[in-house]
2 protein chains.
Amino acid sequence: MLTTNFVTSTVVAFGLPGRQIQGDGVTASAPGPRGCASCHLRGICLTSEFVSPSHAAFGELVLAHRRVKAGQAIYRTGDSFSSVYVLKAGFVKTLALFEDGREQVSGFYMPGDTFGVDGMAFGQHANDAIALDDADVCAIPYDKLEQLSLANPAAQRSLYRMFSQEIVRRQDAMVVMGTMSATQRTATFLLDLSRRFSARGLSASEFLLRMTRDEIGSLLGLKLETVSRVFSKLQSDGLMEIEGKHVRIVSIPGLRSLITH
Amino acid sequence: MLTTNFVTSTVVAFGLPGRQIQGDGVTASAPGPRGCASCHLRGICLTSEFVSPSHAAFGELVLAHRRVKAGQAIYRTGDSFSSVYVLKAGFVKTLALFEDGREQVSGFYMPGDTFGVDGMAFGQHANDAIALDDADVCAIPYDKLEQLSLANPAAQRSLYRMFSQEIVRRQDAMVVMGTMSATQRTATFLLDLSRRFSARGLSASEFLLRMTRDEIGSLLGLKLETVSRVFSKLQSDGLMEIEGKHVRIVSIPGLRSLITH
DNA sequence: CGCCAACTTGATGGCTGTCAAGTCAGGTGG
DNA sequence: CCACCTGACTTGACAGCCATCAAGTTGGCG
């Protein structure tokens, strides 16, 4: 989280769909023409790296869009691995499961993020992926990916980057949980969200949390009450304002100094 | 750690070199002929997957063996990435570093293990790799690897497995730190070591720790005093015997039940 | 022999988990 | 339209686990 800086060179603005008003569970993104050429995520999505600049390959990668309602799974632990997913709209959490029933949030993903690469290991997923919002995901079939990367060293390197991002993401989480206090973990989490929103052309200081206190706590190795208390404390210290899911960071440097100290 | 089970199908026994009696810092492994064909790790090492069964490629992958003295670095964070390493003898720890000076052990590696793949992400390593023992490592140049995997889909899949192992390893560490007590973390650590020794044809119940209490604590998000106390407690409970670095697990099921409970 | 790193063990305090009560918003059904 | 219910959240009281500080032991090495 502190050491990573992905995709900051290709900042693209995109609309952030709100939680759907009960209904058919379909997100607000226009269906549009098939393929990636017209996608508003072009430049952020990994397919940009795979096909650019040979436009021939555009739209051939993504065979299936899937609309997923809030709470539904895109895949579950043990499901056979067939695709990598790019989030087009909505938010997703991944859950790590242990045999004894233990579970923990292992990541939150926002539009433009890739998830599901954990499954390449043994042909089956090592996580659950659950939609937090009604979400829209692009499935990139593994065999297509393999095929492309066999023919194209640059594509292969992009694939490696996806892997390494996941390695670094989890490694950072290790350090956060292993060495930081509750306040520091929470500040790190907020700054990570801030950076990622900012990289997408959205406000770095004001945003909506799409996940519950419980889910945040799970990611950080804290209980939901502790997360709530830290939020309250940060507010009374004048570093942020929080009301339900709505966050406004008053002082990013202030949060940073909490961590470094 | 609980969900992973690597290389258990290809168990190969090999000698475990002890800490060298002060000297030139060269491990006891016989120099032998160049190449992988005569290596005692054949079957465990990832090169087995890359070349088998076409023996032609044997020995072409590994260009450099490096002997590393205890405490020395094989690579450091930020070093440009050029190779993946297979540990031939000795033990290695990897360290995750944050900009603010924070550091944490992110893994321990034993003979046959691969490390260094984190560097593929951005062309530079995201860890320090430090030898705990005098160690002997095989460097596998990245361009060779890339070349091989472009020509050979099976090799490419092996490469993906290496990545995913690192993802899963860190994810498991997250869950351990996020949900387990000090006793449970320590028991998990011991069982993980036990399983890995066992997969190499060594005793699952009796082995030497190559790392300090401080290093174990760092991996688990605990202080060294806590690790020491847990060891003492497990001993007084009759689950293990420990004297310095020497460990004898009396009851593997007993340790397991501590975690599940 | 002496030094130092690694380790053990004790005493104490603080952070965070646990338990509990209460508020609030949203959704459902009468 | 309102009552009710449920899930999410906040806040308080308290306890327990683990970090911290400290002192002493051991073993390896110069």
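Order of the sequence lines fixes the chain letters, A, B, ..., with proteins taken first and strands second; residue numbering starts at 1 for each chain.
- For the pair B/D214 CG and C/dC4 C1', the computed distance is 15 Å after rounding to whole Å.
- Taking only side-chain nitrogens and oxygens, B/R213 never comes nearer than 4.0 Å to OP1 or OP2 of C/dA6.
- Ring-plane geometry between B/Y75 and B/H125 is classed as parallel, the angle between the planes falling under 30 degrees on a 0 to 90 degree scale with a further cut at 60.
- To the nearest angstrom, C1' of D/dT10 lies 14 Å from CD1 of A/I216.
- When the P atom of D/dT25 is taken as reference, atom CD of B/E243 falls 18 Å away, rounded to whole Å.
- Look at CG on A/L220: it is 15 Å from C1' on C/dG17, rounded to the nearest Å.
- DNA chain C is contacted by both A/E225 and A/S181; A/S181 maps to the nucleotide lying nearer its 5′ end (nearest heavy atom per residue).
- For the pair B/D136 and B/R67, the salt-bridge criterion is met [side-chain N within less than 4.0 Å of a carboxylate O].
- Spacing between atom CG of A/L234 and atom C1' of D/dT10 amounts to 15 Å, rounded to whole angstrom units.
- Summarising the geometry, the separation between CD on B/Q235 and P on C/dC7 is reported as 15 Å, rounded to the nearest angstrom.
- Within the 4.0 Å cut-off from OP1 or OP2 of D/dG27, not a single side-chain nitrogen or oxygen of B/K245 is found.
- A salt bridge is defined here as a Lys NZ or Arg NE, NH1 or NH2 lying under 4.0 Å from an Asp or Glu carboxylate O, and A/D100 with B/R256 fails to meet this definition.
- Counting any heavy atom pair closer than 4.0 Å across all strands shown, A/G221 reaches sugar-phosphate atoms only and no base atom.
- If you check every strand for non-hydrogen atoms under 4.0 Å, A/L224 touches a base.
- For the pair A/T226 and C/dG17, the criterion of a side-chain N or O lying under 4.0 Å from OP1 or OP2 is met.
- Taking atom NZ on B/K233 and atom P on D/dC17, their separation rounds to 10 Å, with Å as the unit.
- One can place CG of A/L222 at 16 Å from C1' of D/dT10, the figure rounded to the nearest angstrom.
- A/Y85 and A/F115 have parallel rings, their planes meeting at less than 30° on a 0 to 90° scale where 60° marks the start of perpendicular.
- For C/dT9, one of the phosphate oxygens OP1 or OP2 lies less than 4.0 angstrom from a side-chain nitrogen or oxygen of B/S232.
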Atom pairs and distances, side-chain donor-acceptor, residues 212-225 of chain B, under 3.5 Å, sequence neighbours left out:
residue	atom	partner	partner atom	Å
B/T212	OG1	B/D214	N	3.3
B/T212	OG1	B/E215	N	3.1
B/R213	NH1	B/G244	O	3.3
B/R213	NH2	B/G244	O	2.7
B/E215	OE1	B/T212	N	2.8
B/E215	OE2	B/K93	NZ	2.8
B/S218	OG	B/V105	N	2.9

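- For D/dC18, neither phosphate oxygen OP1 nor OP2 lies less than 4.0 angstrom from any side-chain nitrogen or oxygen of B/R229.
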